[in-house]
Number of protein chains: 2
Amino acid sequence: MKLTSKGRYAVMALVDLAKFNDINPVSLRDISLRQGISLDYLEQIFSKLRKKAIVQSVRGNQGGYVLNKKANEIKLTNIFDAVDEKVKTVQCKKESKKGCNGKLTKCLTHNLWDELENHINDFFEKKSLEDLIKDNTERRI
Amino acid sequence: MKLTSKGRYAVMALVDLAKFNDINPVSLRDISLRQGISLDYLEQIFSKLRKKAIVQSVRGNQGGYVLNKKANEIKLTNIFDAVDEKVKTVQCKKESKKGCNGKLTKCLTHNLWDELENHINDFFEKKSLEDLIKDNTERRI
DNA sequence: AGATACTTGACTAATTTAGTCAGGTTTATA
DNA sequence: TATAAACCTGACTAAATTAGTCAAGTATCT
């Protein structure tokens, strides 16, 4: 059970963006340097974030990205959703009609995995970008 | 972020085992048939469970496996630990001395991933095999 | 015009997963 | 004591996923 770096990077990059988001847009190049994430990879990630209206791009010289909403309105759920980071505990959900493992009944542990998914998603729905920034400035080393 | 089938199967198999665990040990063959999990794969999984003293094996004809503790003493944590299903949110933990991403400071979101790991592990520590069986018999279809 | 920055899509190496396969050993029971 | 049921072990592998890289643009500010 692990988090992929795409999801992790997306969050890291947005925290960075939110922190340095004053008058000027923040360039991916800067984020790349500060966070140690490849520029090409960041571009892929931000393309997705833009499509989901989490950030806005500013083209041209001195361009970059800006948050498209207030930091307290951006939840982890939104970010993970944008970059296709999903919580998957089990396959059997998709084949909705049938039960699990091709049987007619629900598998013995079906409810458990549902609970687990909800438990994790709860966490993602409660945390906003604002929380993360606060957390970070308060506890800086 | 997804659960691997090794972890999922381990839990399914143990619930099955606990359910059919009366006088006789339960054979992997039966579990394999009931749960639709390959026998060879089950053997790998049970070998690990046995090494961690979660189950006990009974050899010979009419042999099989038996729980080695009471169902309420076996937590999901124990099971996942036995089969190396780990919750990993980030790599940077291992290189304990240094910060994250090879930098000197903690990465911006370090605390977040710690919290997430704890949040998930909490769930695993609270759920016991007994809970799962109860859950299952109560809500059977 | 030129620099800077975003945009898109194809491609790929490495890793992980989810098993399979082969060849054992042990032991209850007939 | 034969034998079948069941466990035990380790090596192997195909498929999927991840974590990017690479190339070739397009847009826009100065």
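So you know, we letter chains A, B, ... as the sequences are listed, proteins then strands, and number each from 1.
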Checklist entry - How long is the line joining CG of A/Leu42 and C1' of C/dT8, in whole Å? => result 16 Å

Checklist entry - Reckon A/Ser57 has a side-chain N or O less than 4.0 Å from the OP1 or OP2 of C/dT7? => result yes

Checklist entry - A/Glu85 side chain to B/Met1 main-chain N or O, any donor-acceptor pair under 3.5 Å? => result yes

Checklist entry - Sequence neighbours excluded, which residues qualify as side-chain contact (heavy atoms from CB on, under 4.5 Å) partners of A/Gln56? => result A/Asn68

Item to check | Atom pair distance, as rounded to whole Å: CG in B/Leu3 and P in C/dT16 | outcome: 17 Å

Item to check | Out of C/dA18, C/dT7, D/dA19, whichever nucleotide has its closest atom nearest the side chain of B/Ser5 | outcome: C/dA18

Item to check | Sidechain-backbone polar pair: B/Ser128 side chain, B/Asp131 backbone, donor-acceptor under 3.5 Å | outcome: yes

Checklist entry - In B/S/- notation, 5' to 3', how is nucleotides 24-30 of chain D contacted by protein heavy atoms closer than 4.0 Å? => result --BSBB-

Next on the checklist: Contact list please: residues 49-56 of chain B against DNA chain C, heavy atoms, distance less than 4.0 Å, in numerical order.
Outcome noted: none

Item to check | Length of the CD-P vector between B/Gln44 and D/dG10, whole Å | outcome: 11 Å

Checklist entry - B/Lys2 NZ to C/dT15 C1': how many Å, rounded? => result 12 Å

Checklist entry - What is the distance from CZ of B/Arg29 to P of D/dA5, rounded to the nearest Å? => result 9 Å

Next on the checklist: Under 4.0 Å, counting only non-hydrogen atoms across every strand here, what does A/Tyr65 touch: a base, just sugar-phosphate, or nothing?
Outcome noted: sugar-phosphate

Checklist entry - Among all residues two or more places apart in sequence or in another chain, which pass the side-chain contact (heavy atoms from CB on, under 4.5 Å) test with A/Val58? => result A/Pro25, A/Val66

For residues 118-125 of chain A, dump all side-chain donor-acceptor pairs below 3.5 Å to protein atoms at least two apart in sequence or in another chain.
unit_1, atom_1, unit_2, atom_2, d
A/Asn118, ND2, A/Asp114, O, 3.3
A/His119, NE2, B/His119, O, 2.8
A/His119, NE2, B/His119, NE2, 3.3
A/Asn121, ND2, A/Glu117, O, 3.2

Return all side-chain donor-acceptor pairs below 3.5 angstrom for residues 41-50 of chain A, not counting sequence neighbours, or 'none' if the list is empty.
unit_1, atom_1, unit_2, atom_2, d
A/Lys48, NZ, A/Asp84, OD2, 3.1

Next on the checklist: Can you measure B/Ile45 atom CD1 to C/dT17 atom P for me and round it to whole angstrom units?
Outcome noted: 13 Å

Next on the checklist: By the salt bridge (Lys or Arg N to Asp or Glu O under 4.0 Å) test, which pairs, at least two apart or in different chains, include something from residues 58-77 of chain A?
Outcome noted: none

Checklist entry - Quick one: salt bridge (charged side-chain N to carboxylate O under 4.0 Å, His left out) partners of B/Lys127, sequence neighbours excluded? => result A/Glu115

Next on the checklist: Run the salt bridge (charged side-chain N to carboxylate O under 4.0 Å, His left out) test against A/Lys52 and tell me which residues pass, sequence neighbours left out.
Outcome noted: A/Asp81

Next on the checklist: If you compare every side-chain N and O of A/Ser38 against the phosphate oxygens of D/dA19 (OP1, OP2), does one of them come in below 4.0 Å?
Outcome noted: no

Checklist entry - Between A/Met1 and A/Ser47, which is nearer to the 5' end of DNA chain C once each is assigned its nearest nucleotide? => result A/Ser47

Item to check | Phosphate OP1/OP2 of D/dG20: any A/Tyr9 side-chain N/O under 4.0 Å | outcome: yes

Checklist entry - Atom NZ of B/Lys48 and atom C1' of D/dC8: how far apart are they, to the nearest Å? => result 14 Å

Next on the checklist: Whole angstroms only, please: what is the CG-C1' distance between A/Asp40 and C/dC6?
Outcome noted: 12 Å

